Amino acid sequence: MVADERRLTATPLVLEACGLHKRFPGVHALTDVDLRLASGEILAVIGENGAGKSTLMKVLSGALAPDAGELRLDGRPLRLRSVQEALARGVALIHQELMLAGDLDVTANITLGREPRRFGFLDRRAAEELARRHLGELGLEVALDTPVSALALGQRQLVEIAKALATDARILIMDEPTSSLSATEATKLFDVMRALRRRGKSIIYISHRLGEVRGIADRVLVLRDGANAGELTAGAIEHDAMVGLMLGRCESVLRERAPRTHGPLALDVRGLRTAAYPTQAVDFSVAAGEFVGLAGLVGAGRTELLEAVFGIVPARAGTVRVAGRDVPRGSVAAAIAAGLALVPEDRKRHGLVLEQDVRANVSMVASTRRGGFGRRDRKAERDSARRAIDELGVRTRDDRTNVRTLSGGNQQKVVLGKWLAEPELRPRVLLLDEPTRGVDVGSKAEIYRLLDRLAADGMGILFASSEAEEVLALADRVLVLREGELTGVLGRDEASEEAILRLAAEPRASECSA
Amino acid sequence: MRTTESSRVRRFAIAALLVLAWACSASEQGADGKTVPRLAFVTNGVASFWVIAEKGARAAGKATGTKVSVHMPAEGIADQKRILEDLVTRRIDGIAVSPIDPANQTELLNATAARTNLITHDSDAPDSKRVCYIGMDNYAAGRSCGQLVKEALPDGGQVFLFIGRLEQDNARRRRQGVIDELLARSHDPARYDPPGQPLVGESYTILGTLTDQFDRAVGKANAEDALSKHPEVDALVGLFAYNPPLCLAALEQAGKLGEIVVIGFDEADETLRGIQDGTVYGTVVQDPYQYGYRSIAVLAALARGDRTLLPASGFIDIPARQIRAAEVDAFWADLRAKTDGR
Amino acid sequence: MKKILGILGLLIAICVFTSVASPYFLTAFNIENLLRRSALFGILSIGAGIVIMGRGIDLSIGSVVCLTGIVTPWLLTEHGWSVGPAVVVVLGLALTLGVAHGLLITRLGLQPFLVTLCGLLLYRGIARGLTADQTQGFRGEFAALRHLGNGRIPVPGSDSFALPVPCLIVGILAVGAAVLLHRTVYGRHLLAVGSNEEAARYSGIDTRRVTTVSYALCSLLAGLGGLLFVLDVGSAQPVDFGNFYELYAIAAAVLGGCSLRGGVGTITGILIGAAVMQVLRNMITLTDWIPDTVEYAVIGAVILAGVVVDELVKRWAAARARNLADTG
């Protein structure tokens, strides 16, 4: 605490929040929250699912008005009535859910809202100049006139960051900026953050990746149940300490576990060519009760592979067999009938119907298989929704709550619940695409435990993740992809972060010599 | 390889399109080549009245050896303008049109008359350079309808009028004829009583006039509303072909069929059946079949340079007839004979 | 440019087809007529396109056309106004209606479909009530003003052909709209709102103002279109003047490459889309073998076919690009 005080008096405070309260119907989202941010400081804000991080960020960026409490900018009281106002005062929020206009090109997005003008018209050259400069800082090389919708997810994230940089904001609020970045892209982003810090910018950084927090943060503010749970400064920022403050108890998320026993072949994929990488034929299999990790950088083709197996994007060639029976190519219904299930990467767009409640979402898959002259069995729907809530530990008021209001981790549990709600309809093989993206530590641990239990019950699991840590901890085998090519399969004892990276990274040397 | 193939496909598609277009243009010429005059019959909207006229026009086309096209503008005055322009573009040999708004269409009609033989039917545009007008004296027809009302209600009574729209000259005059006859006024086709307030005469009162703008649903609602607003009404007079059936439908719904008498215009099936059943006292019929037939006959003669069919007055009268219970069977049989087959 | 190739191809195909099928298609008289009609509908379509690019919809266009088409001659002939004030009042009225739509949609959060559907009913009803359903016309007067709608500008070197005045007007409007859309901050913001409204809002854009302005522009253009329509035709009937025009305008905009999901569209494409509709109807009247009664069916079928072919070509091109990328 002494070190903390000294630091704060040495550098002036730019932003202060005192006694913030925010109440939503049924939820006390923020209770007496304090936050201080010094100039040239990277402050990490961490906390469990529903701890109030998102609400706090919305208050700081002007998107929400607090019910009580005060904000101070440079020591003077600050009342933010809108995002515009916050931007004008130098506070910019970088959203986790990408806030980009997909039809507009890269330049237009980066300069959106503050377009350079000349004689009242758009100054395209100046805009491109600006865009090029900020993309250069992030090391992203894309054509400036590419529509953003044509970019990969990781690239879009970098455009979003470049957009915030272009505002010349003094305070940047980053909401899980690395959740869709590969390790190299994330490293580059941290370099940028450090450079910004040297230039006197202040950054509030929200992440669930505690390893990253340890590497980059000057100070960590921990929230729990909508209130301050404690702070850690430089030397004290350690994994266990953070988890301890977040959960209020000490618990290791990734426990050592005994090797699993595998059953017969559950999923067998031969010569699969995806539409995105039609030149690469991929062969692999997953046994019943086996946990297979799918690793690779952003753009390695993990999502495409899973979507081809599941039939959403029909494969160009190849066979998919589940429990020895061929699954017709390109039919999701057939894939589900055969016993496949997919938890998609973008849960808000592909995993959930955000406008509907938990019950409707959970019963969506089961209802298509129930038949009965198209009649919905309301009682069965209610029961399965309640069962899913109980078994998966979804934190929601009841099964009629709109899923939009749930936090990321709880939404993900609802997506899982969709597939697991009916015991007799459970899939043989569960395909998961980045299931812990944007999910806090507590929920992560719950999801890990759930998957572990499912594998123990004999379900085959194929798990794509860009977090090497979790792949290593969970998987019996690791498949590594690079640009659609299966570059290696690592057994449990050969798998390591280095081994994965070696297979996943581009073989630059050989390319030059060829 | 791929590009040559796609360009081949494209070339084939274009060739096929052109052959089709050529075939279509060839068919337009007709068997005898270019000597067949092409004539057009243009209405003022879409109605069953015009379907009978179309039959007359087509029968005349067959009789005179001409090629007849019939056009019913579905979107009002701008649509009629478009049709006339396109017909003129086609160098059509003659057009018979029922102008929607004669007072403001003079320019268009004159431009059309400058390029082809133009006659008006059903509704006249006396200020334009049309060659002649084929139709009925609507004022006289209106008075004749008024006579039927008097016969139906010899002791006087209260009357409600229903009509498609009042923008058209023919509609105004027709309505005025009924009013003037009931109020025992002098013969003056130029008189106009705006709708709205009741018109009270010695023994007859006109409670009001409602327009429906060719919308049948509105027409029926009008009749229903008039019945609920004026339960004391003695007769409903439907002045456009479809109005009497709508009046009958509204009366049936109100359970007042036969209690309140209907007097109609034109020869819708329901109207004629109503006369047979006694729910309609009578109707005044125009002869749309003759409008179509005479229009094309005159245009065919004009196209061949024969002006003998033109009267000096520029007006070919197709008089209206009164149809009561006594006349209805014979009239209906004749109508069926005329409309049987095209 | 690539986006309008499909619709341009459709227009050319219909023109080539009709010119072979009818010897009268390529006459100066017919071309003038088509240019004038396309120009008049083009004005409405630009407005519809602007709203659609901002991910809105305006169903009231036809009724605004009716209202201005009725009120203009009504003020001039029935009330003896002079031309200047009448035109200013009529266009001001249209602008006001558009602003009202925009405010109801953005401030009260009502759905655009609902607001403009009510507009559709409201303005036609007002026009009919105002005039007791009587036709409003110029009665052969106001020739100078009517020149704006039906006038022709002589083209040097040609006796038979002259450029219809509405073409000049739509040309100016199109250039203005294209500049607005692609060279001004407002246009950029409109496309951003259409593409992702939330993103635009979080970028500090006053999305409510952007949307309101788009509806205001749409109604203003509809009002101007109605004015020119009535100047061309000479009179208007409250009951059916401008009926369905909103659908023609929306169809032209969508044919011209505007996505109903917002965010994309070009003015050139919209104008070509408007022309396609007019040439189609012209084709049906000029060639005898399609009865007028199936006109709507033909228009619907051709538009649908155009959209289907466009989609197939896009997929084919995407597949080819992928194959080339694989082998290259």
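Fair warning: this is a prediction, and the values are worked out from it, not measured in the lab. Protein chains get the first letters and strands the later ones, always in sequence-line order, with residue 1 at the start of each.
- Within 6.0 Å of atom CZ in A/Arg81, 12 or fewer heavy atoms from other residues, nucleotides or ligands are found, so the atom counts as exposed in its surroundings.
- Contacts between A/Thr111 and chain C at a heavy-atom distance below 4.5 Å involve the side chain alone, from C-beta outward.
- Checking side-chain atoms of C/Ser203 against main-chain N and O of A/Gly113 turns up no donor-acceptor pair under 3.5 Å.
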Show, in sequence, the C-alpha distance, side-chain angles and deciding distance for C/His182 and A/Arg124, and conclude whether the side-chain contact (heavy atoms from CB on, under 4.5 Å) test is met. CA-CA 10 Å; C/His182 301 296; A/Arg124 293 188 165 192; 3.9 Å; yes
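- Contacts of C/Arg261 with chain A are absent, with no heavy-atom separation under 4.5 Å from either backbone or side chain.
- For the atom pair A/Asn109 CG and C/Arg188 CZ, the distance stands at 9.0 Å (nearest 0.5 Å).
- A donor-acceptor distance shorter than 3.5 angstrom exists from the side chain of C/Ser195 to the backbone of A/Asp103, with no hydrogens or angles considered.
- Rounded to the nearest 0.5 Å, atoms CZ (A/Arg114) and CD1 (C/Ile205) are 8.5 Å apart.
- Under the side chain to side chain contact (heavy atoms under 4.5 Å, CB included) rule, A/Leu104 has a single partner from C/Asn196, C/Leu191, C/Val264, which is C/Leu191.
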Just do the side-chain contact (heavy atoms from CB on, under 4.5 Å) check on C/Arg201 and A/Met99 with the steps written out, would you? CA-CA 9 Å; C/Arg201 193 148 34 84; A/Met99 285 292 176; over 6 Å; no
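- Around NZ of A/Lys201, the count of heavy atoms belonging to other residues, nucleotides or ligands within 6.0 Å exceeds 12.
- Atom CD of A/Glu115 is separated from atom OG1 of C/Thr184 by 9.5 Å, given to the nearest 0.5 angstrom.
- A/Lys58 NZ to C/Tyr202 OH: the interatomic distance, rounded to the nearest 0.5 Å, is 5.5 Å.
- Of the listed residues (A/Leu93, A/Thr167, A/Leu122), the one with the most heavy-atom contacts under 4.5 Å to chain C is A/Leu122.
- Within the 4.5 Å cutoff, side-chain heavy atoms of A/Phe121 are placed close to those of C/Val179.
- Ranked by heavy-atom pairs shorter than 4.5 Å toward chain C, the options A/Leu87, A/Leu112, A/Val83 are led by A/Leu112.
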